[in-house]
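As structure tokens, the structure follows; a few thoughts come after it.
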Amino acid sequence: MFDLRVANARLYPMDGTAKPSVARSFAVNDGEIVALDASGPARATFDAQGAVVMPGFVDCHTHAVYAGDRAREHRQKLAGATYADIARAGGGIVSTVRAVRAASERDLVESALPRVTALAAEGVTALEIKSGYGLDVDNELKMLRAIRALAQETRVRLVPTLLALHAVPPESNRREYLERVIAELLPRVRDERLADCVDAFIESIAFDLDDARRVFTRARELGFKIRVHAEQLSASGAAALGAEFGALSCDHLEHLDANGARAMAGAGTIAVLLPGAYYFLRETNRPPVSLLRETGVAMAVASDLNPGSSPIASLLTCLHMSVLLFGLTPEEALLAVTYNAARALGRSDLGTLAAGKRADFTVWQVPEPEFLAYQLGGICPTAIFINGVQRPRD
């Protein structure tokens, strides 16, 4: 007896290819897909009535928990200021840090919930959220605890990441802050099981390779997986460093070179492309998609939802941008928000419809999945399931 049987579906498993399956149904037990085209009785049946059924989307890079906004800085950018100019003048990340420090854990949960709800409405069933706006031990822990509390109030799977190396805190110097991260913050995050991954923003306005190496070395000793903000504003060698540490992903990559791409390919590191930030910052240097293809680096796409460089609570918009702005094929873009996005989180149980995977899937009244890369706006799934349970539309 199955818990659920999904019938009459046009299945697109996204199992490394965006091609449809010959199967027209699948069965679920205990929140897990047990078989495609399974026969037998079930406690419940969902008739897809010929609709497209595919894995729930995985948004594998966001900063969705924050306080305040940076609309004033947006006006400065429109007047010609660059992201780096604003950061060096005391704005940027540090301005959000001030707002987050002034907010309670409950404030952070309540402000993030509408953003998560917006992503969920478009079919996102798993969502990574980074810290990085606390920049001291207590406030980084507050952010991660807020993510944990938020997980109790949303139907979306939340995957927390520690991004303590996001910016140098205004009241400290780089060396002192790194010492506190290594000696105190990393062990406390591990002991409270607040995150599985550690990330770092490696850039001239943030942290350098030596800083990241020190933190990654200790993080790996403590059992954390590694992710990297790499090569966004300049070529720094961050991608090669990430690959050296077996990083799950290197993200942004507008200035990635061949050496970094080859290193990522050798390590099996996923390239997470963030077209929302590229668009919002009005960048002109695109990630080298052809190089990534040539070297065999798999590509994911994420929203990078954050208040400063990508206030875009829509993974579908970023999927569309990845095709129109970065040159991904529709098939590559669909895999980039399912199969490869799950790999970027180290979650082999997500992003695919196959036996042994979590039963997170969405139902769409569209001619084919590629339609999602064609129409911009006005599209949502007609049904969303997480762990084999249909969730109400928010």
_Keeping S111 on the side-chain end and L108 on the backbone end, is there a donor-acceptor pair under 3.5 Å?_
yes
*Sidechain N-carboxylate O distance under 4.0 Å for E153, R106*: yes
*asked:* Can you tell me how far apart CD1 (I93) and CZ (R98) are? Round to the nearest 0.5 Å.
replied: 12.0 Å
*asked:* Run K19 and E331 through salt bridge (charged side-chain N to carboxylate O under 4.0 Å, His left out) and show every step you take.
replied: CA-CA 8 Å; K19 295 178 180 178; E331 293 81 4; over 6 Å; no
*Taking the side chain as every heavy atom from C-beta outward, state whether V58 and T338 have any pair of such atoms under 4.5 Å apart.*
no
*Looking at C60 and A344, what are the two nearest heavy atoms and their distance?*
SG-CB, 4.0 Å
*Go through E184 and V189 one step at a time and tell me if the side chain to side chain contact (heavy atoms under 4.5 Å, CB included) criterion holds.*
CA-CA 9 Å; E184 186 176 354; V189 172; over 6 Å; no
*Can you check side-chain hydrogen bond (donor to acceptor under 3.5 Å, both in side chains) on Q365 and T382, steps first, answer last?*
CA-CA 7 Å; Q365 293 293 342; T382 57; 4.6 Å; no
*Expected output: side-chain S21 to main-chain A23 donor-acceptor under 3.5 Å*: yes
*Would you say the side-chain atoms of S104 and D107 include a donor-acceptor pair closer than 3.5 Å?*
yes
*Treat each ILVMFWY residue as a node, draw an edge where side-chain heavy atoms are under 4.5 Å apart, and state whether L345 and L119 are in one component.*
no
_Salt bridge or not between R157 and D360? Use side-chain N to carboxylate O under 4.0 Å._
yes
Residues 219-226 side chain polar contacts: donor-acceptor under 3.5 Å, at least two apart:
unit_1, atom_1, unit_2, atom_2, d
E221, OE1, R218, NH1, 3.1

*Heavy-atom distance under 4.5 Å between the side chains of L273 and S322, does that happen here?*
no
*Output the distance between atom OG (S314) and atom CE (M321), rounded to the nearest 0.5 Å.*
8.5 Å
*asked:* Any heavy-atom pair between the side chains of R227 and E128 that's under 4.5 Å?
replied: yes
_Main chain of G308, side chain of E73: is a donor-acceptor contact present, judged purely on distance under 3.5 Å?_
no
*Relative to F207, does R174 satisfy both conditions: NZ or CZ under 6.0 angstrom from the six-membered ring centre, and within 45 degrees of the ring's axis?*
yes
*Does any non-hydrogen side-chain atom of S309 lie less than 4.5 Å from one of D304?*
yes
*Using a 4.5 Å cut-off on heavy atoms from C-beta on, say whether the side chain of V323 contacts that of E332.*
no
*Among T161, D199, T62, which one satisfies side chain to side chain donor-acceptor pair (under 3.5 Å) with K130?*
D199
*Cation-pi, F385 ring and R358 (6.0 angstrom, 45 degrees)*: no
*When hydrophobic residues are tied together by side-chain contacts of less than 4.5 Å, even through go-betweens, does V215 share a cluster with F245?*
yes
*Would you kindly say whether T96 and R70 are connected by a side-chain donor-acceptor distance under 3.5 Å?*
yes
*side-chain hydrogen bond (donor to acceptor under 3.5 Å, both in side chains) between H229 and D251: does it pass, once the steps are laid out?*
CA-CA 5 Å; H229 282 60; D251 304 25; 5.8 Å; no
*Report yes or no: does R115 contribute a side-chain atom to a donor-acceptor pair with the main-chain N or O of A64 at less than 3.5 Å?*
yes
*asked:* Any side-chain to backbone donor/acceptor pair from E203 onto L233? Under 3.5 Å, distance only.
replied: yes
*Euclidean distance, I129 CD1 relative to N306 CG, rounded to 0.5 Å*: 12.5 Å
*Does A48 offer a backbone N or O that forms a donor-acceptor pair with the side chain of N8 under 3.5 Å?*
no
_Heavy-atom closest pair, residues T362 and G56_ = CG2-CA, 4.1 Å
*With a cut-off of 6.0 Å (strictly less than), are more than 12 heavy atoms of other residues, nucleotides or ligands near CZ of R43?*
yes
*Is there a side-chain contact between E140 and Y133, using heavy atoms and a 4.5 Å cut-off?*
no
*Taking N340 for its side chain and M299 for its backbone only, find out whether a donor-acceptor pair lies under 3.5 Å.*
yes
*CZ (F371) with more than 12 external heavy atoms under 6.0 Å*: yes
_If you define the side chain from C-beta out and look only at heavy atoms, does anything of L150 sit under 4.5 Å from L158?_
yes
*Taking the six-membered ring for Trp, are F361 and F26 parallel (under 30°), tilted (30 to 60°) or perpendicular (over 60°)?*
perpendicular
*Step by step, would you call H74 with F280 a ring pair (Phe, Tyr, Trp, His ring centres under 6.0 Å)?*
CA-CA 9 Å; H74 181 51; F280 195 74; 4.6 Å; yes
*May I ask whether I386 and L350 are part of the same hydrophobic cluster, defined by side-chain heavy atoms of I, L, V, M, F, W, Y residues being less than 4.5 angstrom apart, directly or through others?*
no
*Do R262 and T295 have side-chain atoms, one donor and one acceptor, less than 3.5 Å apart?*
no
*More than 12 heavy atoms of other groups within 6.0 Å of D15 CG*: yes
*Please confirm whether the backbone N or O of R175 pairs with a side-chain atom of N173, one donor and one acceptor, at under 3.5 Å?*
yes
*Do E368 and R10 meet the salt-bridge criterion of a basic N to acidic O distance under 4.0 Å?*
no
*Is there a side-chain hydrogen bond (donor to acceptor under 3.5 Å, both in side chains) between R72 and S95 once you walk through the steps?*
CA-CA 11 Å; R72 179 175 174 274; S95 66; over 6 Å; no
*pair M264-L253: side-chain heavy atoms closer than 4.5 Å*: yes
*Any salt bridge between R101 and E171, counting N to O under 4.0 Å?*
yes
*According to a 4.5 Å side-chain heavy-atom criterion applied to Ile, Leu, Val, Met, Phe, Trp and Tyr, with indirect links allowed, do L241 and L248 form part of one hydrophobic cluster?*
no
_Under a 3.5 Å distance rule, please check whether K77 uses its side chain to pair with a backbone N or O of R282 as donor and acceptor._
no
*If only atom types and distance count, is the side chain of D191 paired as donor or acceptor with the main-chain N or O of R188 below 3.5 Å?*
no
*Hydrophobic cluster membership, L334 vs W364, 4.5 Å side-chain cutoff*: yes
_Criterion side chain to side chain contact (heavy atoms under 4.5 Å, CB included) on M14 and L353, from CA distance to verdict_ = CA-CA 7 Å; M14 301 297 163; L353 299 183; over 6 Å; no
*To the nearest 0.5 Å, what is the distance between CG (L178) and CG (L165)?*
5.5 Å
_Rounded at 0.5 Å granularity, tell me how far CD in E231 sits from OG in S236._
4.0 Å
*Yes or no on salt bridge (charged side-chain N to carboxylate O under 4.0 Å, His left out) for E179 and R214, after CA distance, side-chain angles and deciding distance?*
CA-CA 10 Å; E179 292 300 331; R214 289 186 62 203; 2.6 Å; yes
